[in-house]
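Every chain is numbered from 1 and lettered A, B, ... according to where its sequence line falls, protein lines coming before strand lines. These numbers come from a predicted model, not from an experiment.
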There are 4 protein chains.
Amino acid sequence: MFFQVQHSHDLPVYGQLVRQVKFAVASGALAPGELIPSVRELARRLAVNPNTVARAYRQLQDDQVLDALPGTGLQVARGAPRRCRSERTKLIRERLRQVIEEARKSQLDGAEVRQIVATELNAVLGNEQPPRRKSEK
Amino acid sequence: MFFQVQHSHDLPVYGQLVRQVKFAVASGALAPGELIPSVRELARRLAVNPNTVARAYRQLQDDQVLDALPGTGLQVARGAPRRCRSERTKLIRERLRQVIEEARKSQLDGAEVRQIVATELNAVLGNEQPPRRKSEK
Amino acid sequence: MFFQVQHSHDLPVYGQLVRQVKFAVASGALAPGELIPSVRELARRLAVNPNTVARAYRQLQDDQVLDALPGTGLQVARGAPRRCRSERTKLIRERLRQVIEEARKSQLDGAEVRQIVATELNAVLGNEQPPRRKSEK
Amino acid sequence: MFFQVQHSHDLPVYGQLVRQVKFAVASGALAPGELIPSVRELARRLAVNPNTVARAYRQLQDDQVLDALPGTGLQVARGAPRRCRSERTKLIRERLRQVIEEARKSQLDGAEVRQIVATELNAVLGNEQPPRRKSEK
DNA sequence: GTGGTCTAGACCACC
DNA sequence: GTGGTCTAGACCACG
């Protein structure tokens with residue numbers, strides 16, 4: 001498991017940890033039942049206060065991504081991968097829709113918005129095949 | 001000019017004002033040379049602390065969107081529309097790229113990302129014609 | 001608003017605060033839109049560390065009982081009374097069922113359980129009229 | 001004797017063991033003078049840390065439910081069944097009273113509390129005859 | 001050893 | 001003034 005945090009990031013440190021754990025669970029890098037690094041050890045590795053790590057882990061328990069085994073540690077909860085995956089795509093859809101709606105409310109018309117989206121899509125993904133629309137041949 | 005603010009919004013109140021003024025300028029609703037509402041009047045209309053409005057106006061002056069006419073008020077600066085428009089599309093491009101990159105780093109592959117983007121695009125814009133690739137004339 | 005906390009209670013201090021706020025909201029003592037005491041003031045009044053109060057308030061925001069008005073304070077959220085009331089009766093039902101099930105699994109038979117319940121019910125509520133059963137006249 | 005423990009339970013593992021032993025004694029499944037499984041053997045059977053079993057047994061000795069036979073093992077103490085039974089109903093009465101008092105302090109009136117209690121009682125016990133009041137002979 | 005809670009005090013953004 | 005975040009260090013229950 002490789003975690004890293006950036007101070008002076010817009011997302012607070014504890015939030016960065018929450019995201020990274022959820023991402024690791026969603027991608028399968030952390031499997032249900034697996035023990036995650038202890039609060040003290042991760043705090044030492046990241047040079048962060050243990051309370052900050054504890055706060056992240058606490059939120060992950062609230063979100064049912066982690067389970068406590070008292071005196072032993074924290075393990076990835078059953079059902080966590082599904083939860084993390086669906087949360088992830090839901091968040092992405094929401095943020096995407098926000099950006100598009102904002103673009104639409106600007107001075108831009110639909111064609112311009114589609115043009116910008118296509119440009120960025122290709123910039124990030126490279127020129128892999130785009131999804132075809134029905135009537136296209 | 002109609003402004004409105006929402007408390008309990010993720011963007012702070014003064015930031016909402018900055019955005020709305022820039023949007024109004026970008027769309028032509030506020031033209032260069034036009035006087036905007038005074039700090040006190042806008043604060044009263046929005047039931048907001050005058051300091052909050054003043055802070056928004058200060059930032060708009062820093063961004064060269066507003067000019068001070070000492071003893072008179074604040075006017076929309078020359079060149080502000082162009083600046084606002086380009087800033088707007090630049091911001092949108094940035095946020096769009098962030099979302100796409102994040103989606104890509106998730107468990108999603110390129111095709112799934114394109115699929116999600118296409119879905120949201122059609123949801124917001126309706127089924128207007130999408131931009132053609134290559135074969136366009 | 002009157003809050004109080006007990007150290008050396010089985011429920012941690014921050015949890016006692018969460019319960020008391022939810023109870024106050026459920027009972028109408030705190031109405032939606034109303035500002036609650038500031039973190040620092042409540043901490044001073046209860047002779048508790050501000051972080052402890054902050055933690056309680058944070059959880060209440062997570063539970064959508066409170067809304068943040070940045071720079072102003074925290075207000076009771078719209079819909080909070082309904083949420084608090086339903087949560088409260090749900091919790092009570094759960095705990096009640098747990099106790100009854102445990103009693104049943106003991107050496108006690110159904111009649112003894114009913115007898116104990118009736119005794120405690122009258123001890124707490126006084127001898128107000130019990131609920132009638134259909135066939136009763 | 002069949003014991004079982006659940007990790008991620010609100011009651012710690014050693015407490016679950018204490019309860020199960022007391023329950024077994026109260027119900028007669030374990031009789032005075034009978035030898036209980038050794039720390040090591042029970043720990044192995046339950047896949048639990050021996051310290052945990054030892055801690056449970058230590059508390060059971062403190063509660064005079066078990067007696068040490070030096071060099072031999074632990075036996076159920078004389079008088080233990082009576083103690084376990086009375087402790088059990090005492091605990092149940094306390095918890096029941098707590099729940100009812102809490103319900104009463106909520107927005108609920110006496111009739112509503114009685115209604116909820118009756119519902120849960122029937123849900124757990126089935127519709128066996130409830131205890132009669134006054135007119136009983 | 002593990003996590004959970006609390007205290008004390010610092011700095012930040014926002015109004 | 002407000003809450004939000006982070007650090008530092010203490011004590012507790014649990015295995």
Under a 4.5 Å cut-off applied to non-hydrogen side-chain atoms, are B/Tyr14 and B/Val48 in contact?
no
CG of C/Asp67 versus C1' of F/dG4: gap in Å, rounded?
16 Å
Write down the distance between CZ (C/Arg44) and C1' (F/dG3), rounded to a whole number of angstrom.
17 Å
Nearest whole Å is fine: how far is F/dC6 P from A/Leu46 CG?
13 Å
What is the distance from CZ of C/Arg40 to C1' of E/dA10, rounded to the nearest Å?
11 Å
With nearest nucleotides of DNA chain E determined for B/Leu11 and C/His7 from heavy-atom distances, which residue corresponds to the more 5′ nucleotide?
C/His7
Of A/Gly71 and C/Pro37, the one whose closest DNA chain F nucleotide lies more 5'
C/Pro37
Looking at D/Glu102 and D/Arg97, is there a salt bridge between them, counting it only when a charged N and a carboxylate O are closer than 4.0 Å?
no
Check every strand shown and say whether C/Val48 touches a base, only sugar-phosphate, or nothing at a heavy-atom separation below 4.0 Å.
sugar-phosphate
I need the OH-C1' distance between C/Tyr14 and E/dT7, as an integer number of Å.
16 Å
A/Ala31 and A/Val76: which non-hydrogen atoms are nearest, and at how many Å?
O-CB, 3.3 Å
Side-chain N or O of A/Thr72 closer than 4.0 Å to phosphate OP1/OP2 of F/dG15
no
Whether the side chain of C/Gln20 engages the backbone of C/Gln4 through a donor-acceptor N/O pair (distance < 3.5 Å, no angle test) should be reported.
yes
Would you classify A/Arg55 as touching base, sugar-phosphate or nothing, given that sugar-phosphate means primed atoms plus P, OP1 and OP2, and contacts are heavy atoms under 4.0 Å?
sugar-phosphate
What is the distance, to the nearest angstrom, from the CD atom on A/Gln6 to the C1' atom on F/dT5?
17 Å
To the nearest Å, give me how far apart CD (A/Gln75) and P (E/dG3) are.
13 Å
Base, sugar-phosphate alone, or nothing: which one does C/Leu74 contact when heavy atoms must sit under 4.0 Å apart?
sugar-phosphate
Near D/Arg45 CZ, under 6.0 Å, is it more than 12 heavy atoms from other residues, nucleotides or ligands?
yes
Which nucleotide sits closest to the side chain of A/Thr52: F/dG4, E/dC15, F/dT7?
F/dT7
Would you mind reading off the distance between A/His9 atom NE2 and F/dC6 atom C1', rounded to a whole angstrom?
16 Å
Would you say the side chain of C/Arg58 and the base of F/dG4 hold a donor-acceptor pair, judged only by whether the two atoms sit under 3.5 Å apart?
no
For C/Asn51, report the nucleic acid contact type (base, sugar-phosphate, nothing); a contact means any heavy atom under 4.0 Å.
base
Suppose we define a pair by two distances each less than 3.5 Å, Watson-Crick or G-U wobble; what does E/dG1 pair with here?
F/dC14
Need one value for A/Gln61: base, sugar-phosphate or nothing, where a base atom within 4.0 Å counts as base even if backbone is also close, heavy atoms only.
sugar-phosphate
For A/Gln16 and for C/Leu69, locate the closest nucleotide of DNA chain F by heavy-atom distance; then report the residue assigned to the nucleotide nearer the 5' terminus.
C/Leu69
Counting any heavy atom closer than 4.0 Å, what does C/Asn49 reach on the DNA or RNA strands: base, sugar-phosphate only, or nothing?
base
Quick one: does B/Gln98's side chain get under 4.5 Å of A/Arg95's, heavy atoms only?
yes
